[in-house]
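Numbers here are sequence positions counted from 1.
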Amino acid sequence: MTSPTPATPASGPTVVIVGAGLSGLRTAERLRRLGHAGPITMVGEELHPAYDRPPLSKSLLLQEETPLAPPSLRAAEKYAELDLDLRLGVRASALDPTERVVSLQDGTKVGYDQLVIATGSRARQVPAWQHHDNVHTLRTFEDCLSLRADLRSASHLTVIGAGVLGGEVAAAGRVLGLKVTLVEAQPVPLERVLGVELGGSVAQLHRERGVDVRLGVAVERIEGEGRAERVVLGDGDVVETDVVVVAVGSVTETSWLDGSGVTTTDGVLCDEYGATDVPRVHVVGDAAVIAHPGAPAPLRLEHWTAAGDTAALVAHNLLAAPEERRPLTEVPYFWSDQYDVKIQGLGIPSPEDRIDVVAGDVAAHSFLAICSREGRVTAAVAMSMPAPLARCRKAVAEGADLATLLQLAPWTPKKKVDA
Ligand SMILES: Cc1cc2nc3c(=O)[nH]c(=O)nc-3n(C[C@H](O)[C@H](O)[C@H](O)COP(=O)(O)OP(=O)(O)OC[C@H]3O[C@@H](n4cnc5c(N)ncnc54)[C@H](O)[C@@H]3O)c2cc1C
C-alpha cells in the first residue's frame with residue numbers, strides 16, 4: 001500500500017475529484033478556467049475518460065455501425081491542458097475526512113485539501129429480474145453496446161418504466177421496427193414532472209407510434225430459462241418478449257462514503273454552496289441533493305445541465321473567499337428526445353400547480369404549457385416548441401407574474417421588420 005500523496009498548498013490546494021463523468025470533468029475544467037494552478041487528481045471507475053450519456057438512449061441505439069468508443073466530452077489531445085492526475089478504471093472505496101485521504105480499490109490512497117464528490121448514480125437494478133442475459137439496464141457505454149446487440153436480433157422489446165429513459169428506449173425500439181410493450185406502474189407516465197394531462201400526451205405519443213402502453217400495472221415476474229421469454233404483469237397478462245429494458249430509476253453512488261460522516265439521503269446532502277456537512281468536501285452532479293431555484297427543498301436532479309451548473313458552482317466556491325461564495329441560480333432544465341418529438345422542461349413543477357397550455361396543441365404533441373402557483377410562474381413544459389420554451393426562462397427564474405408572462409403571446413418569434 002502506498003502512502004498518501006502529500007497535499008501541496010504552494011501552488012494552490014490539492015483538489016481530488018472522485019468521479020470522472022460529466023460533472024467531474026466540468027469541475028476540473030472550471031477550476032482551471034478560474035485560474036486554479038494547484039494539483040487536480042480525478043479518479044474514475046470507468047475505463048473511459050468522461051463521455052456523454054444522452055446519446056446512449058438515443059442516436060447510439062439507432063446508428064447502423066457499432067460505435068467503437070463513447071461520445072467523448074473532451075478531445076483526448078485537450079486533456080493535457082487540464083494537467084490532471086487522471087486515474088481511470090479504479091474505484092474510490094472509502095473516505096477518511098480526518099486524515100483527508102481517499103482510499104482507492106487498488107490499495108492506493110490519495111490526499112486532498114479539497115474533495116469533490118462527482119460519483120453520479122447508477123441504474124436501479126431489480127435483482128430478481130437481472131439474472132436473465134437479455135434483461136438490460138442503461139447507464140454506461142457498455143450497457144448501450146450490449147442492449148444494441150440484443151435489439152438487433154430481437155423482434156419484441158419490453159420496457160419496464162415509462163420515465164424519460166424508458167420512453168426514449170421504447171421510441172428507439174419502434175424506430176428500429178420492433179414490437180414494443182411499455183409497462184408503467186403509475187397511471188400516467190412522467191406525472192410528477194408533467195402532470196396528468198401532459199403526461200397523458202406522452203403515453204398517447206407512444207400509442208400513436210405503435211407501442212403497446214400498459215399503465216397502472218406492475219411487473220410481477222420475468223420468466224424464461226437463462227433468457228427472459230415472458231413478462232408477467234400484475235393484472236395476469238403475459239407479454240412474450242425477447243429483450244427487456246428495466247428503466248425504473250437510479251440510485252446514487254454513495255456507498256464509498258459509508259462511515260465518513262458525509263450525510264447521504266437519496267444522494268449527498270449539501271448546502272446552497274455545494275458544501276457537504278464535512279469540511280473540505282463538496283458535491284456536484286447527479287449525486288448532489290442541493291437547493292435549486294424554485295424548489296421548496298433541496299433535491300437531486302438527474303439533468304445534464306444541472307451537472308454543469310453544480311460543477312461551475314462548486315469550482316467557484318472552492319476558490320472564492322467566504323463572502324464571495326454564491327448559491328445555485330440556474331433554472332433547472334431537462335430535455336428528452338422521443339421519435340421526432342423534443343420534450344423539454346424548465347423549473348420544478350409541482351402536482352398542485354395550475355397548468356395553462358398557452359400555445360400549440362397537446363394532442364398534436366406540439367405545445368407550450370406554463371405551470372403556476374398562486375399566480376406566479378413555477379415551470380414551463382414544451383413538446384416540439386424549443387424556441388417558445390426558451391422565452392420563458394427568465395419568467396421561471398424570477399417566479400414572474402403569470403398574467404405578465406401570458407402577455408408574451410403569440411409565442412412564435414416576432415419577424416424582423418426590414419427598415
Ligand atoms: C442513458 C442516459 C440518457 C440521458 N439523457 C439525458 C437527456 O436527454 N437529458 C438530460 O437532461 N439528461 C440526460 N441524462 C442524465 C445526464 O447524463 C446525467 O445527469 C449526467 O451524466 C450526470 O453526470 P454526473 O457526472 O453527475 O454522473 P455520471 O455521468 O454518472 O458520472 C459519474 C462517474 O463516477 C463514476 N463513479 C461512481 N462511483 C465511483 C467511485 N466510487 N469511484 C470512482 N468513480 C466512481 C461512475 O463510474 C461515472 O463514470 C441521461 C442519462 C443517461 C444514463
Side-chain angles (χ1 to χ4, degrees), residues 15-34 36 39-92 104-106 110 116-123 136-149 151-152 164-165 168-169 172 247 250 252-253 283-288 301-315 330 333-337 342:
V15 179
V16 172
I17 302 170
V18 180
L22 172 65
S23 64
L25 174 66
R26 292 291 183 255
T27 306
E29 289 174 338
R30 187 57 74 110
L31 282 167
R32 289 298 186 223
R33 207 176 321 147
L34 292 173
H36 174 64
I40 302 178
T41 298
M42 192 154 79
V43 180
E45 183 177 17
E46 292 184 75
L47 288 168
H48 314 283
Y51 62 90
D52 214 12
R53 295 188 200 275
L56 304 184
S57 51
K58 306 175 183 72
S59 54
L60 290 198
L61 289 180
L62 298 177
Q63 74 178 47
E64 215 159 287
E65 329 73 55
T66 306
L68 299 175
S72 176
L73 282 165
R74 188 178 177 94
E77 63 277 11
K78 295 199 81 190
Y79 265 86
E81 289 168 11
L82 293 177
D83 189 19
L84 298 180
D85 174 5
L86 185 57
R87 313 213 187 163
L88 294 177
V90 61
R91 187 177 165 81
L104 308 189
Q105 223 156 30
D106 63 4
V110 188
V116 180
I117 299 167
T119 41
S121 46
R122 61 188 146 78
H136 299 262
T137 53
L138 182 53
R139 181 82 200 172
T140 65
F141 180 60
E142 286 70 23
D143 294 339
C144 175
L145 291 182
S146 147
L147 174 60
R148 265 182 60 92
L151 287 176
R152 268 145 188 83
V164 167
L165 187 67
E168 290 182 350
V169 174
S250 66
T252 40
E253 287 280 7
V283 60
V284 293
D286 276 10
L301 289 180
E302 293 178 275
H303 297 174
W304 193 92
T305 48
D309 294 340
T310 50
L313 173 85
V314 163
E330 292 84 357
Y333 166 78
F334 83 92
W335 84 94
S336 172
D337 297 319
K342 187 175 278 298

If I take atom [atom1] from residue [X] and atom [atom2] from residue [Y], how far apart are they, to the nearest 0.5 angstrom?
X	Y	atom1	atom2	value
Leu22	Thr27	CG	OG1	9.0 Å
Ser57	Leu147	OG	CG	10.0 Å
Leu56	Glu142	CG	CD	9.5 Å

Any donor-acceptor N/O pair, [X] side chain to [Y] backbone, under 3.5 Å:
X	Y	answer
Glu46	Gly89	no
Arg74	Ala50	no
Arg148	Leu62	no
Tyr51	Phe141	yes
Arg32	His36	yes

Report yes if some heavy atom in the side chain of [X] is under 4.5 Å from a heavy atom in the side chain of [Y]; otherwise report no.
X	Y	result
Leu73	Pro49	no
Val15	Thr41	no
Leu82	Leu31	no
Leu138	Cys144	yes
Leu145	Pro67	yes
Val16	Val116	no
Thr252	Thr119	no

Apply side chain to side chain donor-acceptor pair (under 3.5 Å) to Ser336 and Glu168, showing your working.
CA-CA 7 Å; Ser336 172; Glu168 290 182 350; 2.7 Å; yes
Exercise: do Glu302 and Ser121 side chains pair donor with acceptor under 3.5 Å:
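There is such a pair (donor and acceptor under 3.5 Å, judged by atom type) between the side chains of Glu302 and Ser121.
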Check: Ser146/Asp143 side-chain N/O donor and acceptor closer than 3.5 Å
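Note: Ser146 and Asp143 side chains miss the donor-acceptor criterion.
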Shortest non-hydrogen contact between [X] and [Y], atoms and distance:
X	Y	result
Gly19	Met42	O-CG, 3.9 Å
Ala307	Thr310	O-OG1, 3.2 Å
Val43	Val90	CG1-O, 3.4 Å
Ala28	Ile40	O-CD1, 4.2 Å
Ala123	Thr137	CB-CB, 3.6 Å
Ala311	Val284	CA-CG1, 3.8 Å

Decide side-chain contact (heavy atoms from CB on, under 4.5 Å) for Asp52 and Trp304; before the verdict, give the C-alpha distance in whole Å, the side-chain angles of both, and the deciding distance to 0.1 Å.
CA-CA 9 Å; Asp52 214 12; Trp304 193 92; 2.6 Å; yes
Test Tyr333 against His303 for ring-ring contact (aromatic ring centres under 6.0 Å, His included), laying out the working first.
CA-CA 7 Å; Tyr333 166 78; His303 297 174; 7.9 Å; no
Would you call [X]-[Y] a salt bridge at under 4.0 Å N-O?
X	Y	result
Glu45	Arg87	no
Arg122	Asp286	no
Glu29	Lys78	no
Lys342	Asp337	yes

Run the side-chain contact (heavy atoms from CB on, under 4.5 Å) check on Leu61 and Leu151 step by step: do they pass?
CA-CA 8 Å; Leu61 289 180; Leu151 287 176; 4.2 Å; yes
Quick one, Arg91 with Glu253, criterion salt bridge (Lys or Arg N to Asp or Glu O under 4.0 Å). Give me CA distance, side-chain angles, the key distance, then yes/no.
CA-CA 11 Å; Arg91 187 177 165 81; Glu253 287 280 7; 3.5 Å; yes
For Tyr79 and Leu86, what are the C-alpha separation, side-chain angles and deciding distance, and is it a side-chain contact (heavy atoms from CB on, under 4.5 Å)?
CA-CA 9 Å; Tyr79 265 86; Leu86 185 57; 4.1 Å; yes
